[in-house]
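Both ligands and their constituent atoms are indexed starting at 1 by order of listing. FYI, side chains are in, hydrogens and waters are out, and symmetry mates aren't considered; it's all heavy atoms of this structure.
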Amino acid sequence: MSYPYQIKSVDQYNAAYEKSVKDPEGFWGEVAANFYWRKKWDKVLEWNFKKPTIKWFGGGKLNITENCIDRHLDTLGNTPAIIWESNDPEEHHRVLTYRDLHAKVVQFANVLKNNGVKKGDRVCIYMGMVPELAIAVLACARIGAIHSVVFGGFSAQSIADRLQDAKAEFVVTMDGAFRGNKEIPLKSVIDDALVQCPFVKRVIVLTRTRTAVSMIKGRDVWWEDEIRIVETQGNPDCPAEEMDAEDMLFILYTSGSTGKPKGVVHTCGGYMVYTNYSFVNVFQYQPGDVHFCTADIGWITGHSYIVYGPLSAGATSLMFEGIPTWPNAGRFWDIVDKYKVNVLYTAPTAIRSLMGFGLDPVKDHKLDSLKVLGTVGEPINEEAWHWYDEHIGKKKCPIVDTWWQTETGGILISNLAGVTPAKPAHATLPLPGVQPILVDENGKEVTGNSVSGNLCIKFPWPGMLRTTYGDHERCRQNYFATYDNLYFTGDGCLRDEVGNYRITGRVDDVLNVSGHRIGTAEVENAINMHAGVVESAVVGYPHDIKGQGIYAFVIYQGTHGDDTLARQDITKTVSRIIGAIAKPDKIQFVSGLPKTRSGKIMRRILRKIAEGEIDKLGDTSTLLDPAVVNEIANGRL
Ligand code: WT7
């Protein structure tokens, strides 16, 4: 595979950027010409941010799996597409070449068809990090079914909410998943979710942990049995469904500042072009490189940079089932040496947690295959950046600090590894095609350098979200209504003296805990479900490892046990409603919450208290009950 659109110098970057702004249709049309289209597009771009409507490559026909698999078969048939490392280092690893992957995807696509899945149907995938997860995702795409992958850490209630929102009638799961020394009972969680979802017709269950599970006649079937049925049918092929460029490819739920998580929708053509383009350019992928993205496919990072970006580029993508600290904190480094990993892409929270183990787990490793390091998910602090640079990259590997979001589909702001300069803790410059703009509170553009503002994007890029599933108005409200004619990211941002961007974190009520996005309102709703809770307010506070921790102020009138038990009960409730990732780190019981006279909770004050900046509370005189602030500040945990 060659990548004629791979940028190799600063001059080429400048030229590409300029062209992408002056002639976006010409620019993206040229990039898109490197893919396999059943029918070429009629028009590269049609857009209107007010509605919003965004159409890339309209009229074009394709199937993304033909681009991710079939078109590589002649040249890369024997090249590893997916290398899989098991949770247990003693268990044999697996390698799927492009030819193997093709066979497995086609087979499972036929399983889906046999089970009644049709083009446009939604399929919820709730699995651990095994190759079959990627296979299930691609098999959906093969037949034009819309996948909705739900991270294995979410609760039954969260799954039920997502199944209902997407009206998904099909589920693919496994008996259980291995993660470190734990076993996650995935099928059992699905069973709990399905009590609320009688419309689910079929659950396909992969065997992994061999834990006992309930199997309901007429609804639940084993993956392996279904594969055998396909084998006996003797029809190994499954022609790819012809999709319109703007047909839905997948839904991925993510948290916002209000209400329940929303289903971000990505479509086939633009998402394919953008994930590939950003993959090839940001990481400077070279044929033969082993790309190791440590994310879970349950998040957008896994969708874009384990599955679609790498595979569409004919790359070798390493998939890891386990966690960085099991059986010990050297696990990532073992994997890097074992498979001669060239690109390592991980999250600041993982780096900070591994830093905490000192250099012992690193020192017996060569790490000399590494060429490029990447980070994603949250702002990286300079200390972690330098540790990564010195001890993992040995000061020889460029670090790409990649800023993007579930909604953006792919990386929007990042240096290009070894091509454009890195700057610690800065995402640096926009990719070609990306036009960032900073605005102040009133929506007025902040021009010039050495400034800060709210980060917006003023022109469409192919990977951007198209809608939120089943509720287009919510999409408009959330992203396109805050500022006229701009996509609002929800992030605050600085632009340094030479124009580098540094993303400082969310300016809305969205938290970023260990790189996972959680809405404060969502956590509050979950806490409020507890029978003894009268009211609650949740804010983030700086956390050494997680980036942000969850701080909950709770008015509690329960009678069950002491405060410690009450806190545990509340935590358990949150785990049940959302999942363990949303558990509050601190729960402070209070007698009241600071509210304005109109009854609005003053989060600004609670945030300051949680951050320990009690001397910076500002004006509290307009509060309904100013005395409550002192009480809360004095009781701070
Ligand atoms: C939010 C999006 C996109 C992949 C994983 C997260 C924060 C992401 C960076 C970065 C500073 C970052 C932002 C963004 N974020 N990357 N390199 N520097 N902040 O996706 O769950 O949709 O979260 O993550 O706050 O809005 P997500």
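Nearest to atom 6 (C) of ligand 1 among the protein's heavy atoms is Gly377 CA, 4.0 Å. For atom 2 (C) of ligand 1, the closest non-hydrogen atom of the protein is Trp404 O, 3.6 Å.
Less than 4.0 angstrom separates some heavy atom of Thr301 from each of these atoms of ligand 1: 4 (C), 5 (C). Shown in contact with Thr402 at under 4.0 Å from a heavy atom are these atoms of ligand 1, numbered in order with element: 9 (C), 10 (C), 16 (N), 17 (N). The ligand atoms of ligand 1 that sit less than 4.0 angstrom from a heavy atom of Ile503 are 11 (C), 19 (N). Set against the non-hydrogen atoms of Val376, the atoms of ligand 1 under 4.0 Å away are 4 (C), 5 (C). The Asn512 neighbourhood of ligand 1 comprises atoms 7 (C), 24 (O), with distances under 4.0 Å to a heavy atom of that residue.
Between Phe279 and Tyr277, the distance separating the two ring centers is not shorter than 6.0 angstrom. Ring centroid separation for the pair Tyr274 and Trp28 comes in under the 6.0 Å cut-off. Phe332 and Phe292 have their aromatic ring centers within a separation under 6.0 angstrom. A distance of 6.0 Å or more separates the ring centres of Phe480 and Phe488.
Because its NZ or CZ atom is not both nearer than 6.0 Å to the ring centre of Tyr541 and within 45° of the ring axis, Arg607 does not count as a cation-pi partner of that residue.
When the options Ala427, Gly410, Pro379 are ranked by their closest heavy atom to atom 19 (N) of ligand 1, first place goes to Pro379. Counting only non-hydrogen atoms, the option in His426, Gln405, Glu378, Arg506 that gets closest to atom 10 (C) of ligand 1 is Glu378. Of the listed options Thr406, Val510, Asp491, Thr406 places a heavy atom closest to atom 20 (O) of ligand 1.
Ion pairing between Arg352 and Glu378 holds under the 4.0 Å rule for side-chain N and carboxylate O. Between Glu246 and Arg466 there is a salt bridge, since at least one side-chain N of the basic residue sits less than 4.0 Å from a carboxylate O of the acidic one.
Contact of the Trp403 side chain with the Tyr501 side chain is not registered, since no non-hydrogen atoms from C-beta on lie closer than 4.5 Å.
Geometrically, ligand 1 and Arg517 share a nitrogen or oxygen pair separated by less than 3.5 Å. Checked by distance only, ligand 1 and Thr254 stay at 3.5 Å or farther apart across all their nitrogen or oxygen atoms. Checked against a 3.5 angstrom limit, the closest N/O atoms of Thr489 and ligand 1 fall outside it.
Heavy atoms of other residues, nucleotides or ligands lying less than 6.0 angstrom from NZ of Lys546 number more than 12.
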